[in-house]
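Order of the sequence lines fixes the chain letters, A, B, ..., with proteins taken first and strands second; residue numbering starts at 1 for each chain.
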Amino acid sequence: MAVASIRNLTVQYKSFVALSHFSCEIPEGCTGLLGPNGAGKTTLIKTLLGFVKPAAGGGEVLGMDILQAGRAIRQQVGLMPEQDCHIPGMSAVEFVAYAGELAGMPAHIAVQRSHEVLEYCGLGEARYRNVETYSTGMKQRIKLAQALVHGPKLLLLDEPTNGLDPAGREDMLDLIRSISHGKGVNVIVSSHLLPDIERVCDQVVVVVRGELRKVGSILDLKKIAGHPVDLELREESAAFEAALAASDIEIVSAQRQHYRIKADMPLPDIQRIVYSTARKTDAQVRGFQLAERSLEDAFMDAIEDPSPPPIAEPVTAGGER
Amino acid sequence: MSEAHIVLERASRWYGQVIGLNDVTCSIGPGVTALLGMNGAGKTTMIRLLTGQIRETTGSVRVFGEEPFANPRVFRRLGYCPELDNFYEHQTGRQFVYGMARLSGFSKAEATRRTHEVLNHVGMTDRAGRKIAGYSKGMRQRIKLAQAMLSDPEVILLDEPLNGLDPVGRREFIDVLKALAAVGRTIIVSSHILFEVEQMTRSILLLNRGRLLATGDLSAIRLLIEKYPHRIRIETSEPRAVAQRLIGLPYVLNVQFDPRGQSVEFQTKQPNDFYDEVPKLILDDGLPIDSVTSPDNNLESIFKYLVAS
Amino acid sequence: MSNSLNPISDLTYRGYDGPLASPEFRWWVIARMTIRKASKVNSLRWAAVLSAWYYVMMIAVLFFLQAIGNAQPAAQQFYQQYLQRMVWKDQFVYGFSYAQHLILIVSLVLGAGAIANDNRANALLVYLSKPCTRWDYVLGKWVGVFTPIFTVIAVPTICFYLYGVFSFKDSGFISQDPWLLPKMMSVLLISASLHTSLILAVSSLFKQGTIAGAVYSGAYFFTFFFTGLLSILWTNPHGAHSGLMRTLLYCSIDGIQIGMAKAMLVPSGTLAFGINIPGRNRVPLPIPSVAPILIVVFGITVVCLGVIWSRVRAVEVVG
């Protein structure tokens, strides 16, 4: 069951084509939206909110037509924008309650729910202060709170960890993770920070230059053909390298004490050879695991690849030229 | 021999009652050094001190052996890439960099030459003719770096340089910085995004609440964090057998089983001895081990440990 | 599916399944919030009260004269003569005219920051991510500023009217001009809408309420001094009376409204506070004709609305 499906969408602003023949199905759960700057991610988000008048194509969000039911869509969708935004002259409670009222909640319920959501987002006594006095971390939480107040079924987060220090980032990611898993809220996270996406999302949509490049689960994307192994020694060891080369194991890359090796034999055999070689050459193995392509590399490949078929086939074939 | 370009000796700076930097002693030499800390830890104060915008209240700050405050001799050898974007939006990138070059005192010919060079270096040659108002975040960051490199400085300070860059842009930027560091420049990068910092350097300077918490190489620091034992995670189909084999060792402090039954995690303060024991499990006892990793051997965990304690 | 009662409550996030109004009347939510915020400002209350000063003074004068008249027969005669000569509609014109500067303050407080501060805080992003449209936002702000301004100018007028109806019916209060109240109300409605449109247009041009306010006040006083100068020249017996000057006599923010009020009510040129001395009445400034001035007022209002609409840049427009 797709949360959103876009069919053959083309969006252009004057002469600039932001999205061309874009089709994709965004599945339920937590999806990451990746792409270089200017690829069309923001346009896609605006489309999902029912704002854009496309030159061609259409789609549905939560079952509602993006061309006709823009306002109804926005009642069911929450947006946490990237830029700083708030309504001046209000405390956090007022602001979030107002956001709820704007979404259609009755006033007294909006205030109640505002407190609930602010509590959940981790704002204690500070919620009675004017929003303009807040630090970056708190402003991010307020943005999240105003997106959640009307209980949306789909949450759009644009760079949610922008400007947060490491502790704030962890808190925010934990929050997002707990909303998206087990509460029935679908989340789309658009971010440049791939480890964030990895931590929070289960699948990703990659958009490059207005076209869909990949849709797939993160695990699938990270698999590398050939199953190389990542090895870490306590320190670099030329003797170890030489001895390893003597056996049938190929050293694909080496960076100080980190090695990536590859061999045409089952994993336990590789392991035995590596450890016995280490024993012989007096090297200490500190890390041994199946190499995973980092999401960053998967992303880079997706950008460079001219137009591979998406991993998970959408309803209509995408990337039509 | 590489001497430290930057030396702080018991430097402190406060603003009225608020302490920005408290009794910091450190030295920063060639290579990439990461300046880390939570918001409000004193990173901005330190950068301002080093770029000569403010003066220390007590102690000494020396860049190239001199005090940087209002000191053109230091400014000439120092490049600063600030966090905020404050451009004249109507200028083109090239005009801006050229203007900065002229402001630095270069002749017209020299300024033109240098502008061309730095724009080439940051990869903006083809886009420098456009107005800055139309630049994306990534392009602005490059322009900032370009103007910082104009006088071929020995020290470059960057405040959140990777903010807003997509992964491609980030990689290119990091490559440029590493290349500069390789020829002996001192590069100081202040950033919150720890996994990026990790890719750039192993040498960190961590501030917390105005005090210097840690400085030096990452692995060395990790070894010294006494309070938090090393966590070593072994993925195996026989976690109990592995645990049984290792639990008798005196330096194993803690054993934790993963609820899914596919891995077991050990904690120890003597990782060296532990890692010497692991080959015995594989080669001598033949236990089926899928992987051996250390979950907290990254910058993020180290940061958390240091700041928490 | 039912759990036995868990002693520990689940305080984690829960969705909202309650009622959600249909997206039709969002503008009223925005208007309501604007009004609510406005009513809390103290300076607004003071300015509002002070703007009624002329009416209050008139009531005081009438009351005082009546009291003295009752006490002394000589004064009573004076009082009756005073009442006979009273032209009531002139009082409304004066009341309206003398309130203008304070209405300026009221509209500044209400409207200068209304859109300007939103521009700076990027508030439109919040509004439009909810089921609101640009139209909702503009209408909501407009109604939110219009209603308090209208209330501030209407309430004293109505009070004075009621006072007149109950106390001076036999002194020709109603018979002088039976259509006084509807005319006055339409003047007030048009005036309030002009004020609202002007201040919101200026507000939408800036990113800071204080600067918008300063610009608006600047324009107001600059035009005020200009027309003031012109009226001095006009009333000077040696002054020229060209057609151009006649057109420009009312071209200031307060002038155009006073002109409209005069056009609709056609005052007789008595002096303030009901002083009516035939032969010594001041030569009135020419009263503009109704149609042209109304067209100008509506024109300005429409232009301002256009400015607001184009300046409220929605997220649909890519930067």
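- Interface summary for chain A: among G113(C), A123(C), A121(C), the most heavy-atom pairs under 4.5 angstrom belong to A121(C).
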* To do: Starting from the C-alpha separation in whole Å, work towards a yes-or-no answer on side chain to side chain contact (heavy atoms under 4.5 Å, CB included) for L102(A) and I30(C).
  => CA-CA 8 Å; L102(A) 286 172; I30(C) 301 178; 3.7 Å; yes
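- Options R74(A), K183(A), Q146(A), Q76(A) differ in how many heavy-atom pairs under 4.5 Å they form with chain C, and the most are formed by R74(A).
- Residues E94(A) and R36(C) are not paired through a salt bridge, judged by the lack of any N-O separation under 4.0 Å between the basic side chain and the carboxylate.
- Proximity to chain C is limited to the side chain of E116(A), based on heavy atoms less than 4.5 angstrom apart.
- The shortest side-chain heavy-atom distance between V126(C) and Y98(A) does not fall under the 4.5 Å cut-off.
- With values rounded to the nearest 0.5 angstrom, M33(C) atom CE is found 3.5 Å from M90(A) atom CE.
- Around CH2 of W135(C), the count of heavy atoms belonging to other residues, nucleotides or ligands within 6.0 Å does not exceed 12.
- Taken to the nearest 0.5 Å, the OG atom of S129(C) stands 13.0 Å off from the NZ atom of K46(A).
- Contact of I87(A) with chain C is made through backbone and side chain together, with heavy-atom distances under 4.5 Å.
- Looking only at heavy-atom pairs under 4.5 Å with chain C, the residue among A147(A), G151(A), A103(A) that has the most is A103(A).
- Scanning all heavy atoms of the two residues, the minimum distance from N122(C) to C85(A) falls at O-CB, 3.2 Å.
- For R14(C), the parts lying under 4.5 angstrom from a heavy atom of chain A are both the backbone and the side chain.
- When heavy atoms are compared at a cutoff of 4.5 Å, L175(A) does not approach chain C at all.
- Checking K143(A), Q83(A), E82(A) one by one against L125(C), the side chain to side chain contact (heavy atoms under 4.5 Å, CB included) holds for a single residue, Q83(A).
- For V131(A), no part lies near chain C; criterion is any non-hydrogen pair under 4.5 Å.
- When each of V149(A), V117(A), L148(A) is checked for heavy-atom pairs under 4.5 Å with chain C, L148(A) comes out on top.
- Note that the CZ atom of R71(A) and the CZ atom of R26(C) stand 7.5 Å from one another [nearest 0.5 Å].
- Summarising the local packing, CH2 of W53(C) is surrounded by more than 12 heavy atoms from other residues, nucleotides or ligands at distances under 6.0 Å.
- Interface residue K153(A): only side-chain heavy atoms are found under 4.5 Å from chain C.
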